[in-house]
Amino acid sequence: METKDVHKPLILAPAGNHASFMAALAAGADAVYCGLKDFSARMTADNFTPDELARLTAFAHDNGVRVNVALNTLIKPDEVQQAFSIVRALTRHVRPDGIIIQDLGFIELARQAGYKGEVHLSTLAAVTFAKSLEIIQSLGVQKVVLPREFSIDEIKQAAGACPANMELEVFIHGALCYGVSGRCYWSSYMGGKSGLRGRCVQPCRRTYTTGKRSGRFFSCLDFSVDVLAKTLLTVPRVTAWKIEGRKKGPHYVYYTTTAYKLLRDQGSDPKAKQIALGYLEQALGRKTTHYNFLPQRSFPPANTGDQTGSGLMVGRVRAGGKNSYVVPTTMLLAGDLLRIGYEDQPGHRLYRTQRFVPKKGRLHIQLPGKHPAKGVPVFLIDRLEPGLAEEIEKLETALAKIPAVQVRMDDKSPKVPGGRGYRRPVTEVIVSRVIEAPPVRGRDTGLWFSPQSAERLPLKSLSRYWWWLPPVIWESDASAYEKSLQAIITRGARRFVVNAPWQMAFFDACRADRKFEIWAGPFCNQANGLSIRILEEMGFSGVVVSPELESRDYVSLPGQSILPVGIVIKANWPLCLSRTLPDEFQEKRLFSSPRKENAWAVYHDHCFWVYPDWMVDLSDKEKELEKKGYRMFVHIMEPLPGHIPLKRRPGHWNWDAGLA
């Protein structure tokens with residue numbers, strides 16, 4: 001019995017390699033999203049060359065399947081030419097239905113390249129409240145990917161505020177991040193691999209210790225809407241159901257896509273639901289959670305009682321040494337790919353099975369070199385069943401009829417606005433949670449703003465302060481923020497720093513008024529002149545650039561910026577912001593990694609801010625940066641719990657080490 005609802009969202013399947021792309025088509029996906037070998041938020045996936053993608057896109061279109069291309073990383077100042085060449089190649093040769101972006105510079109590049117497809121704003125852009133959708137649409141964005149932290153109620157609220165001709169996309173299955181997407185710098189802190197650049201090393205999945213307890217406290221389960229998907233059928237503006245997994249193999253793509261097609265089309269049929277759940281159990285993913293989807297029954301994203309290594313845990317090594325074997329909890333097929341141990345543990349190995357092993361049978365593991373130890377977990381991470389292999393082979397035969405495409409990257413240059421050499425006086429801004437003393441001569445004071453703190457704000461001289469909005473404002477708080485901001489504007493506040501570009505929606509009445517200064521803060525993650533050009537269109541007065549850069553980027557960025565630029569020169573900068581804190585943790589209590597990397601968490605404005613016990617400090621670079629054109633130097637001071645000392649260590653972060 002099929003669902004009678006006329007609303008039928010697209011099933012959007014991931015493809016990180018050729019086989020997964022074909023598996024998505026074999027499963028009947030309505031759309032596929034994939035990335036190139038540059039500017040993809042899953043840079044560790046195989047991804048595609050423009051030649052490969054042009055041919056596959058033509059084949060998909062012949063089969064009635066849409067293709068979206070993820071260009072969802074930050075563009076560094078010296079990458080603008082490369083990014084433009086890619087957008088022109090996509091426009092002229094690949095012709096995707098949509099591009100998925102987080103960096104607003106791609107909007108300007110798409111304009112200049114004559115791109116006619118849709119622009120989708122990635123979940124990395126952190127669109128966390130509904131009022132922002134109208135200003136986003138004005139930039140030329142047709143679809144917004146909502147945060148994975150959203151409940152069904154928040155999804156419905158976003159849909160209710162969605163402008164005409166704009167659509168929403170939601171994740172229905174796949175990996176969760178502990179940090180709010182676009183608000184995590186943990187990987188960058190721990191080794192110069194930026195999640196905003198698609199190279200996250202997943203430090204949140206490692207083992208940490210708090211008190212006498214150790215565990216993978218931040219390592220999340222997989223998100224799955226599963227049988228609750230039918231509630232999304234009542235939200236017409238949600239036009240795409242997205243499956244995460246561009247690093248997964250064809251088996252995962254096929255089974256998850258097939259499962260959610262059943263749940264969409266026959267979700268009222270109990271038998272179909274059971275079949276779909278069976279497919280999801282066979283998809284080789286982690287154990288799953290509904291997380292916040294049902295607000296009245298939310299679950300933590302991580303659970304230390306469950307295994308959260310990628311793939312399906314099938315058992316543990318028994319005996320150890322040369323006699324190592326596994327008694328699998330599910331059948332294993334010849335050719336299955338196993339991982340022995342966690343990815344972050346030294347000595348983890350991959351092992352390809354040579355024969356069929358029944359459930360609760362015995363698989364002897366013979367590996368060259370050091371043998372696995374007893375008790376090490378074993379995960380099934382990929383397989384290609386004969387039936388799926390046959391389906392893919394049929395598609396490959398049809399693909400062979402599509403002529404090969406040779407994409408030539410031209411050397412046409414984009415128009416990049418040059419820096420204006422602002423003569424504005426240099427400003428030092430000290431940002432804090434509370435006013436602890438009168439402003440220091442020669443330095444401005446910045447205050448973190450919230451509706452709660454607004455009740456305690458000084459009644460006089462509001463124009464003296466810079467009011468800093470938090471990096472995340474949830475839908476439930478948005479109207480309170482808007483009301484409180486209007487109150488302090490009425491009382492004289494004139495200088496603001498927003499930490500998501502969409503927060504400009506709170507300033508509709510004054511963003512064109514020159515009496516106001518509204519800067520984009522560092523959490524807006526601005527990294528190139530084209531993106532800053534879009535901010536200038538939105539009415540911004542200046543921009544504090546992203547901390548996810550290195551020395552050469554910082555030095556060159558003012559020369560591209562149409563707006564005055566600032567930089568965080570010294571700060572308690574967070575590893576991430578999250579909507580949850582593990583049950584085992586207490587606020588303001590240290591936890592540590594095996595390498596003695598310490599951190600602690602504190603609750604501000606409905607998010608947990610996780611801080612390392614050392615500061616970012618570029619103070620010794622200030623004179624150099626001033627000569628290059630920086631006009632605002634920001635110090636962000638977080639009140640430290642009395643028992644937490646800061647380490648004395650260089651705070652250059654990625655200045656010297658470089659940033660991948």
Side-chain angles (χ1 to χ4, degrees), residues 10-26 29-43 45-73 75 79-122 140-143 145 167 169 198 240 242 245-246 250 253 395-396 398-414 530:
L10 303 175
I11 305 296
L12 180 59
N17 56 45
H18 182 98
S20 293
F21 194 107
M22 302 304 267
L25 300 185
D30 303 296
V32 180
Y33 71 102
C34 47
L36 296 166
K37 294 184 183 294
D38 297 293
F39 303 108
S40 164
R42 292 291 182 270
M43 290 299 292
D46 288 345
N47 294 314
F48 298 89
T49 65
D51 292 5
E52 292 173 314
L53 194 53
R55 190 161 177 251
L56 286 170
T57 300
F59 184 58
H61 286 168
D62 285 350
N63 286 274
V65 178
R66 296 167 63 88
V67 176
N68 298 332
V69 178
L71 297 171
N72 52 345
T73 66
I75 308 171
E79 295 173 337
V80 170
Q81 173 68 62
Q82 179 189 6
F84 184 55
S85 296
I86 287 173
V87 175
R88 278 178 58 83
L90 289 175
T91 301
R92 297 164 65 192
H93 301 288
V94 179
R95 301 180 184 88
D97 300 278
I99 57 172
I100 308 167
I101 69 164
Q102 67 157 314
D103 191 312
L104 298 182
F106 276 112
I107 292 177
E108 179 63 22
L109 291 175
R111 292 173 182 172
Q112 295 188 30
Y115 172 72
K116 302 299 183 184
E118 294 180 348
V119 176
H120 301 174
L121 198 59
S122 167
V141 174
Q142 288 81 29
K143 184 173 287 185
V145 186
E167 299 174 352
E169 182 173 297
K242 188 170 193 172
R246 283 196 284 141
V253 172
L395 290 169
E396 293 288 0
L399 175 64
K401 299 176 183 178
I402 302 291
V405 178
Q406 185 174 7
V407 176
R408 295 189 176 182
M409 312 292 280
D410 63 40
D411 57 0
K412 184 175 180 179
S413 297
L530 289 174

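Nothing fancy with the numbering, it's 1 onward along the sequence. Everything numeric here is computed off the predicted structure, so don't read it as measured data.
- In this structure, OG on Ser85 lies 14.5 Å from CZ on Arg408, to the nearest 0.5 angstrom.
- Remark: the backbone N or O of Gly140 is paired with a side-chain donor or acceptor of Gln142 at under 3.5 angstrom.
- A donor-acceptor pair is defined here as one N or O able to donate and one able to accept, closer than 3.5 Å; such a pair exists between the side chain of Asp51 and the backbone of Val407.
- Residues meeting the salt bridge (Lys or Arg N to Asp or Glu O under 4.0 Å) test with Arg66, sequence neighbours left out: Glu118.
- For Arg95, there are no side-chain hydrogen bond (donor to acceptor under 3.5 Å, both in side chains) partners at least two apart in sequence or on another chain.
- Using a 4.5 Å cut-off on side-chain heavy atoms (C-beta onward), Val67 and Phe21 make contact.
- Two residues are said to be in side-chain contact when any heavy atoms from C-beta on lie closer than 4.5 Å; Phe84 and Leu530 fail this criterion.
- A pairwise comparison of heavy atoms in Phe48 and Gly16 identifies CE1-C, 4.2 Å as the closest pair.
- Side chains of His18 and Glu52 form no contact here, defined as non-hydrogen atoms less than 4.5 Å apart.
- Remark: Leu12 CG to His120 NE2 distance equals 9.0 Å, nearest 0.5 Å.
- Separating the CZ atom in Arg92 from the CE atom in Met409 is a distance of 10.0 Å, to the nearest 0.5 Å.
- Annotation: side chain of Lys242 is in contact with side chain of Ile100 (closest heavy-atom distance under 4.5 Å).
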Derivation and outcome, side chain to side chain contact (heavy atoms under 4.5 Å, CB included), residues Leu399 and Leu56: CA-CA 8 Å; Leu399 175 64; Leu56 286 170; 4.0 Å; yes
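- Distance check: Gln112 CD to Thr91 OG1 gives 11.5 Å after rounding to the nearest 0.5 Å.
- Nearest heavy-atom pair across Arg246 and Ala70 is NH2-CB, 3.7 Å.
- We find the CG-CD1 distance between Asp30 and Ile11 to be 6.0 Å, quoted to the nearest 0.5 Å.
- Distance alone, capped at 3.5 Å, places no donor-acceptor pair between the Asn72 side chain and the Gln102 backbone.
- Looking at every heavy atom in both residues, Ile99 comes nearest to Leu90 through CG2-CD1, 4.4 Å.
- The minimum heavy-atom distance linking Ala23 with Pro250 is given by the pair CB-O, 3.4 Å.
- In this structure, Asn17 contributes its side chain and Ala19 its backbone to a donor-acceptor pair below 3.5 Å.
- For Phe106, the ring pair (Phe, Tyr, Trp, His ring centres under 6.0 Å) partners two or more places apart in sequence, or in a different chain, are Phe39.
- For the pair Tyr115/Pro96, a side-chain contact is recorded, criterion being any heavy-atom separation below 4.5 Å from C-beta on.
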Side chain to side chain contact (heavy atoms under 4.5 Å, CB included) evaluation trace for Val141 with Ile107: CA-CA 8 Å; Val141 174; Ile107 292 177; 4.1 Å; yes
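- Side-chain contact check for His61 and Asp97: at least one donor-acceptor pair (N or O, by modelled atom type) lies under 3.5 Å.
- Considering all non-hydrogen atoms of both residues, Pro14 and Val253 come closest at O-CG2, 3.4 Å.
- In terms of heavy-atom proximity, Val405 sits nearest to Ala54 at CG1-CB, 3.8 Å.
- Taken from CG in Asn47 to CG in Asp38, the straight-line distance is 9.0 Å, to the nearest 0.5 Å.
- Here the side chain of Gln82 pairs no donor or acceptor atom with the backbone of Glu79 at under 3.5 angstrom.
- More than 12 heavy atoms of other residues, nucleotides or ligands lie within 6.0 Å of CG in Asp410, so this atom counts as buried by the packing criterion.
- Between the Gln81 side chain and the Lys412 main chain, a donor and an acceptor come within less than 3.5 Å of each other.
- Between Ile86 and Pro50, every side-chain heavy-atom pair lies at or beyond the 4.5 Å cut-off.
- Looking at Ile75 and Leu109, their side chains come closer than 4.5 Å, going by heavy atoms from C-beta outward.
- Taking the side chain as every heavy atom from C-beta outward, Lys401 and Phe59 never approach each other to under 4.5 Å.
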